[in-house]
Amino acid sequence: MSTGPRFRFAPSPTGSFHVGGARTALQNWALARRLGGTFVLRIEDTDEARNRPEWTEGIIDALAWIGISSDDPHFEGPHFQSDHAAAHVAAAHQLFEAGHAYYCDLSGEEVQLRAKELGTTGYDGYSRDRGLDPAPGRVLRFRVPSGSTVVHDLVRGDVTFDNATIEDFVLLRGNGSPVFLLANVIDDLEMAITDVVRAEEHLPNTPKQQMLWQALGHEPPRWAHVPVLVNEQRKKLSKRRDKTGLELYIADGYLADAMVNYLMTLGWTPPGAEAAGSEIVSWAEVEDAFRLEDVTHSPAFFDVKKLAAFNGEYIRRMSLAEFVERASDELPVEWDRDRFAAIAPHIQERLTTMREVPDKVDFLFWPDGAAIAYEPADWDKAFAPDWSVPLLTDLIEAYRNVPWTADELKASLEQLMEPHSIKLGKAQAPPRVAVTGRSVGPPLFESLEVLGRDETLRRLSAALAVAIDGGGTHAGAPGSPG
RNA sequence: GCCCCCAUCGUCUAGUGGCCUAGGACACCACCCUUUCAAGGUGGCGGCACGGGUUCGAAUCCCGUUGGGGGUGCCA
């Protein structure tokens with residue numbers, strides 16, 4: 001058990017794990033590990049309607065994916081806020097007994113009505129000195145002291161709030177249940193949290209929570225509010241408008257290391273990144289160098305394009321063996337793994353996400369003899385030149401006897417091109433479209449080598465037939481193989 | 001409305017008074033390489049929001065303006 005600082009990550013359970021949450025979790029994790037402290041996971045399930053056991057599992061799985069393992073000695077939890085309901089209520093009563101809170105019988109509508117009549121904002125302290133006793137339907141409100149509250153924030157410095165601008169906020173609802181503000185503080189207190197690192201949106205709550213800590217007779221924790229993540233409209237990333245779910249990115253074939261690396265560079269730069277000319281850093285380096293004091297103060301745009309660039313970089317950095325293994329997960333079970341391994345080196349550097357793998361190599365797995373659906377535009381372009389049909393005809397003849405290696409296949413095409421005086425770049429188009437149905441794909445001769453002589457010749461001949469017979473219309477692309 | 005935060009290339013950022021004719025990364029453009037597409041290499045485009053101070057000297061400090069964001073629940 002660690003004795004160092006205690007951080008906490010306190011998500012509310014939903015079916016989705018927010019990428020912004022992933023970032024704050026990562027920051028807490030880096031700090032907890034480097035400082036020899038603890039990362040406490042607390043599920044904020046106060047709102048019972050939202051609580052489902054599988055959601056908690058989803059959170060733990062998501063954390064594990066980004067490298068925050070519940071098996072790590074620095075990990076503690078999960079704790080559940082709902083388990084502490086009694087403590088929250090007890091603390092509220094304690095606050096009432098000590099005179100830090102009072103009951104009020106005004107309903108929400110009545111409060112609004114009064115504010116309107118008085119021309120004030122929010123609750124005006126109507127019941128402050130009425131000495132009301134607890135009763136059903138009455139809310140317990142905190143008696144905000146006069147003066148001001150200074151929040152010492154590790155990323156922003158001191159932030160001063162005039163208490164006069166903070167209304168006597170609710171601690172206990174009319175039905176006796178505690179609100180988030182209170183529950184959050186009590187849990188942090190009970191779990192001996194020393195450092196609260198969370199998103200900037202909580203900054204306005206902080207003076208209220210700090211007053212609660214003090215009213216309860218405790219020193220508040222160290223606060224740190226990191227900037228929020230925003231979309232291209234510069235609005236806080238929201239589940240409704242934006243793609244925020246970590247699970248969505250996992251499904252799209254993003255690598256955990258790339259995601260973690262990218263998330264950490266939002267609002268923070270690894271030392272040495274500039275000199276290295278690269279922002280790609282290992283988690284070890286992050287853990288070693290991440291400091292709250294170095295975090296930027298302004299919101300950061302979550303740029304999927306840059307994430308994709310990182311991801312491509314990480315894919316290219318994998319060893320071939322690792323790449324083949326991971327890519328296999330993306331392939332249909334019936335596809336031959338050895339055949340894939342043969343072409344793998346040629347697609348590894350052409351990817352931005354793992355999800356693109358099947359699409360890059362599918363032509364190698366079409367059933368032998370299946371009709372090929374040619375991309376109309378690609379077909380037209382490849383077979384527009386008048387040399388295309390004769391070239392293909394000769395190529396079929398040549399390929400009947402040539403040794404079946406990429407080099408030989410290439411040499412043989414080059415030899416045939418000569419009389420036509422065309423470049424290899426153009427000459428490879430007709431056979432490529434004939435064999436793969438498209439004009440782009442992995443290197444052609446390597447692909448043919450993997451495909452094999454029989455199926456290659458078959459596809460070449462089928463295309464030739466269509467080219468001759470379909471004339472300029474190529475109407476003949478029969479049904480799709482896949 | 002009120003409170004709080006923020007402000008360097010399109011984006012993420014380096015920069016903590018002279019090393020800045022502002023550096024890097026992503027994106028974009030061009031060229032090279034080339035077996036299509038990528039990858040890789042080289043180069044390019046592009047920024048200190050504005051106005052006042054302070055100072056010998058300001059992207060850096062202060063004030064104001066403008067702009068953006070967050071918060072203002074008996075949600076979390």
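The sequence lines fix the lettering, A, B, ..., with proteins before strands; numbering per chain opens at 1.
- Using a 4.0 Å heavy-atom distance criterion, P442(A) is classed as a base contact.
- Take the nearest nucleotide of RNA chain B for F445(A) and for V295(A): the residue whose nucleotide is more 5' is V295(A).
- A straight line from CG of D303(A) to P of rG10(B) spans 14 Å, rounded to a whole angstrom.
- Rounded to a whole angstrom, the distance from the P atom of rA30(B) to that of rC37(B) is 13 Å.
- One interatomic measurement links the two molecules: NZ of K239(A) to C1' of rC75(B), which rounds to 14 Å at whole-angstrom precision.
- Note on R156(A): only backbone sugar-phosphate atoms sit closer than 4.0 angstrom, heavy atoms only; bases stay farther off.
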Stepwise, does the salt bridge (Lys or Arg N to Asp or Glu O under 4.0 Å) test hold for R114(A) with E117(A)?
CA-CA 5 Å; R114(A) 264 185 76 82; E117(A) 282 168 6; over 6 Å; no
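- Looking at residues two or more places apart in sequence or on another chain, you find a salt bridge (charged side-chain N to carboxylate O under 4.0 Å, His left out) between E287(A) and R33(A).
- Atom C1' of rC3(B) sits at a distance of 43 Å from the matching atom of rU21(B), rounded to the whole Å.
- Here rC2(B) sits opposite rG71(B) as a Watson-Crick or G-U wobble pair (both hydrogen-bonding atom distances under 3.5 Å).
- Note: OH (Y123(A)) to P (rC3(B)) measures 22 Å, nearest angstrom.
- Side-chain to base pairing of E446(A) with rU35(B): one donor and one acceptor N or O lie within less than 3.5 Å of each other.
- For the P atoms, the distance linking rG53(B) with rU42(B) amounts to 46 Å, nearest Å.
- Ring centers of F302(A) and Y249(A): under 6.0 Å apart, within the cut-off.
- Ring geometry, Y103(A) versus F96(A): the interplanar angle exceeds 60°, so the pair is classed perpendicular (tilted spans 30 to 60°).
- The pairing partner recorded for rA7(B) is rU66(B), the criterion being a Watson-Crick or G-U wobble arrangement whose two distances lie under 3.5 angstrom.
- S439(A) comes within 4.0 angstrom of a nucleotide base, judged by non-hydrogen atoms across all strands.
- At the heavy-atom level, L444(A) lies under 4.0 Å from base atoms of the strands shown.
- For the P atom pair drawn from rA22(B) and rA58(B), the interatomic distance equals 16 Å after rounding to whole Å.
- Between W366(A) and F363(A), the angle of the ring planes goes over 60°, which puts this pair in the perpendicular group of the 30/60° scheme.
- Backbone-only contact: F301(A) has heavy atoms under 4.0 Å from sugar-phosphate atoms and none from a base.
- Ion pair E330(A)/R355(A) not flagged as a salt bridge, since none of the NZ, NE, NH1 or NH2 atoms sits closer than 4.0 Å to an Asp/Glu carboxylate oxygen.
- Of the two residues contacting RNA chain B, namely R432(A) and T269(A), the nearest-nucleotide position lying further toward the 5' end is that of T269(A).
- In this structure, K116(A) atom NZ and rG1(B) atom P are separated by 17 Å, rounded to whole Å.
- rG10(B) and rC28(B): their P atoms are spaced 16 Å apart (whole Å).
- The distance from atom CZ of F180(A) to atom CG of D187(A), rounded to the nearest 0.5 Å, is 10.0 Å.
- For the pair I422(A) CD1 and rU35(B) C1', the computed distance is 13 Å after rounding to whole Å.
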Going through the checks in order, is the side-chain hydrogen bond (donor to acceptor under 3.5 Å, both in side chains) test met by E408(A) and S412(A)?
CA-CA 6 Å; E408(A) 294 288 348; S412(A) 154; over 6 Å; no
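- Pair assignment for rC28(B) gives rG44(B), based on Watson-Crick or G-U wobble hydrogen-bonding distances that are each under 3.5 Å.
- When heavy atoms are screened at a 4.0 angstrom cut-off, T121(A) is found touching base atoms of the nucleic acid.
- Regarding Y262(A), its OH atom lies at a distance of 12 Å from the C1' atom of rA27(B), rounded to whole Å.
- Here the P atom of nucleotide rA76(B) and the CZ atom of F169(A) are 14 Å apart, to the nearest Å.
- Closest to the side chain of F161(A), out of rC12(B), rC3(B), rC37(B), is rC3(B).
- Looking at heavy-atom distances under 4.0 Å, A309(A) makes contact with sugar-phosphate atoms alone, never a base.
- Taking atom C1' in both rG24(B) and rU66(B), the straight-line distance is 30 Å, to the nearest Å.
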Let me have a per-nucleotide readout for nucleotides 64-74 of chain B, 5' to 3', with B, S or -, counting only protein heavy atoms under 4.0 Å.
-----SBS--B
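- Only the C1' atoms considered, rC9(B) is 12 Å distant from rC26(B), to the nearest whole Å.
- Distance check on atom C1': rC19(B) versus rA27(B) gives 30 Å, rounded to whole Å.
- Summarising the geometry, the separation between CD on E349(A) and C1' on rA38(B) is reported as 7 Å, rounded to the nearest angstrom.
- When ring centroids are compared, Y262(A) and F310(A) come within the 6.0 Å threshold.
- rC19(B) makes up no base pair with any nucleotide shown, lacking Watson-Crick or G-U wobble contacts both under 3.5 Å.
- Using a 4.0 Å cut-off, no side-chain N or O of H297(A) falls inside it from OP1 or OP2 of rC5(B).
- When distances are taken from the side chain of A300(A) to each of rG23(B), rG40(B), rC12(B), the shortest belongs to rC12(B).
- With a 4.5 Å cut-off on side-chain heavy atoms, F161(A) and I166(A) count as touching.
- A donor-acceptor contact under 3.5 Å is formed by the side chain of K306(A) with the base of rA25(B).
- Using a 4.0 Å heavy-atom criterion, one finds that G277(A) contacts the sugar-phosphate atoms exclusively.
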